[in-house]
Structures are given as C-alpha cells and as structure tokens.
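Before any comments, here is the structure.
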Amino acid sequence: MHPFLAAVGWPVIDRVAGLSPHGLFIAIGFMVGSIPFGRLARKRGISVEAVNSIIFWSLIGAIVGARVGYVIAHTSEFSSPVEWLKIWNGGISLLGGIAGATIANAINIRRFHLRFFQVADAIAPALAIGVAVGRIGDLIIGDHLGKPTSWLLAWKYMGGSLAPPFVCANDLCQASLQGGHLQTIGRGGAELLDQTGAVIAAGIGVHQTALYDMLLAWVLFGVLWWFIRRDRREAMATLLFGIWYGCARLLEDSLRIDKRFGPLTGSQWTALTVVLACVALAVYLAVTKREGPTSVARTAPDLEPAAVEAAPDAEPSTNGPAPDP
C-alpha cells in the first residue's frame, strides 16, 4: 500500500466560536459520562443526592488533580509558583484528573455510607466514554503528537497552529523536546533530529496518540458495557478499567518524546503503578475467593438506596445469584 493512502489528517483548529476545543470537549465528555453513571448508580442503591454530590466533587477533584499532576511532571518549565495556577495557559494531566476525582470522592462518599467499589464500578464505564469523547478536542487542536511514522494511522499535518510545544509558521511546525531533540512537522512529512541535527526518524506523519487513546477508550467502554451485563463481584469492573487503561497509556506514551523520569514518563509511572495495584488486587480476590458484595447487572431494576446504605460494608449483597468473577 502506498503510504499516502494509509495516512489520516486534518487542519487543526485552536478556537471554535472563541472557545478552546480542548476544554469544550472535556466538558462535553464529563457531561456524557455522567449519564451512564447516574443510570448505573441507581441500580446499586446510590441515591440521587449522592450521585449529584459525586459528580460535583469529581469535577472539582478533576480540575485540581489535572493541574497538580501536570505541574509535578513539568515543574522545571514554570518560571515561578504563580505560573502553576495559570491553568488557562494550558497544561493538564488526564491521569492527574482521574486521581484528583478519586481522592475527592474517596472522602466524599463516606457521608453517604457508600463503599468505594460500589461507586467506582458505576463510574468505570462512564469514565471510559468520557475519555473517548474528551479526546476529540485533542484531535481538533493537534495535541499529544508522537514520533514520526508512516504506518496505517500516521497523522499528516494539513495546516493550522499545533498545540504547544509546537510553534508553527508558514506551514512548518517545530518543537524542542527532551534530550535536545527537535521535531519538525509540515505538509511534506515529519522528522526527528538529534542534538547534532542528524535525522534519527522520519515519516509521512506522526503518531497521533490522542487518536489511539480515543479508539482504545471506545473499545474499553464497549468491553465494560458487555462485562456488566451480568452480576459481577464488586471491584471487578473497576480493576478491568484500571488494567486496560493503564496498559494503554504505557503503550501510547512510549510513542512520544516527553519528559522522562528514568526510563518512563510521569504518566507511564502512574499507569504502571495502577496496573500493578489492580493486578495484585484481582489476583488476591481470585486466590482467596473471599466473599464480598455484588455489583448488579446493568439490566437489573433500580435498588432503593436504604437497602444498600444501611448494610455493613463487609456484608455480602443478596442481590440475585452469586456473581461471576
């Protein structure tokens, strides 16, 4: 196949009606994800008041966590601590946002006597679809670009100003990357140069890791929606999300030249930690066969909140037959 027949591409746009597509689609993704969460939460006996509170604190925690996560990984790029607060200048971390929302609600749900995985299992599919929708904004502005490539989904530059760290002029965009590398992207292709100016990689385009993340998130949503069609042991849907998405981020970030701490980027270290923790807990639950509450199927009728909230955390659920692992 001729490489140009295999490439994808579009002109990037940094503003739509005065708004950043990046922020716009993050907001849309958040709202879209709240719909299946509310639906699944009712089936797990989570009250409307609790659902609204969880959504609110997810928003607050995600905003704070996304910025904190980015600042921690890119502290050297800021001239002063005041710059840390200027979130409108760009610079957020998706994994930091997820961590912030998780921490905020780990505290918040105690007010409603809810178990962590009782809530997390309802959030997992919602988060997957929210990520998938939110990534559309990254595609529009040309963010999260990786190394040069000529493979099937190579992304070709077709005009416009790419998101930082790229600076564009006359249909040529350049970015100074870690290790003294320089990457150039133009209509004719992409090149990656080392400190001496020698070309170390070239292609008709680059890896668009936001595209990969969006596609993998859509597939993850489909897998989770299929998985929860039946009663499952509580925590299994959350662990499936953590392992899948963590592995996806490990792969995607390997295709980028980004700031590294040792062999991995900050996002990769976070993802690796999540994957290992989720695998360890999944193995523990499988080996010990410890009884626990059930996350009911998405097709189950809504459950009265009092029926769940009044039950002790350690007491197994009596919703139907024993769940699949």
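Heads up: numbering here begins at 1 and tracks the sequence.
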(Q) I'd like to know if the side chain of D258 pairs up with that of T265 as donor and acceptor (distance under 3.5 Å, no hydrogens or angles considered). (A) no
(Q) Using modelled atom types and a 3.5 Å cut-off, is there a donor and acceptor pairing between side-chain atoms of T294 and backbone atoms of V296? (A) no
Q: Would you check if the side chain of R298 reaches a backbone N or O of W225 as a donor-acceptor pair within less than 3.5 Å?
A: yes
Q) Are the side chain of K43 and the backbone of A300 linked by a donor-acceptor contact shorter than 3.5 Å? A) yes
Q | Under 3.5 Å: donor-acceptor pair, side chain of R67, backbone of W84 | A | yes
Q: Please answer: with hydrophobic residues joined when any side-chain heavy atoms are less than 4.5 Å apart, are F116 and F241 in the same cluster?
A: yes
Q) If only atom types and distance count, is the side chain of Q118 paired as donor or acceptor with the main-chain N or O of R44 below 3.5 Å? A) yes
Q) Relative to the ring of W151, is the ring of H207 parallel (under 30°), tilted (30 to 60°) or perpendicular (over 60°)? A) tilted
Q) Under 4.5 Å between side-chain heavy atoms, hopping through other hydrophobics if needed: is there a path connecting W57 to L114? A) no
**Q.** Within 45° cone and under 6.0 Å: R232 NZ/CZ vs F227 ring
**A.** yes
Q | Side chain S53, main chain A50, donor-acceptor under 3.5 Å | A | no
Q. Where the side chain of Q268 meets the backbone of L250, is there a donor-acceptor pair that is under 3.5 Å apart?
A. yes
Q) Got a donor-acceptor contact below 3.5 angstrom from the Q178 side chain to the R260 backbone? A) yes
Q | From T102, N105, N108, residue fulfilling side-chain hydrogen bond (donor to acceptor under 3.5 Å, both in side chains) relative to S58 | A | N105
Q | ILVMFWY network linking I257 to L251, side-chain heavy atoms under 4.5 angstrom | A | no
Q. Can you find a side-chain donor-acceptor pair between R42 and S47 that sits under 3.5 Å?
A. no
Q. Is L172 close to Y157 at the side-chain level, that is, under 4.5 Å between some pair of heavy atoms?
A. no
Q. Would a 4.5 Å heavy-atom cut-off, applied to side chains only, mark Y245 and V131 as touching?
A. yes
(Q) Do V274 and L216 sit in one hydrophobic cluster, given that two such residues count as connected whenever their side-chain heavy atoms are within less than 4.5 Å of each other, even indirectly? (A) no
Q: Hey, could you give me the CG/OG1 distance between L193 and T184, rounded to the nearest 0.5 Å?
A: 6.0 Å
Q: Determine whether L177 and K259 make a side-chain contact, defined as any pair of heavy atoms from C-beta on separated by less than 4.5 Å.
A: no
Q. Is there a side-chain contact between Q174 and Q183, using heavy atoms and a 4.5 Å cut-off?
A. no
Q. Quick one: do the D194 and H181 side chains pair a donor with an acceptor below 3.5 Å?
A. no
Q | Short side-chain to backbone donor-acceptor contact, S150 and I204, under 3.5 Å | A | yes
Q.
Please check this pair: side chain of R110 against backbone of A106, looking for a donor-acceptor N/O pair closer than 3.5 Å.
A. no
Q: Find out whether W269 and P263 are in side-chain contact, i.e. whether some heavy atom of one side chain is under 4.5 Å from a heavy atom of the other.
A: yes
**Q.** ILVMFWY cluster, I129 and V119 together (side-chain gap under 4.5 Å)
**A.** yes
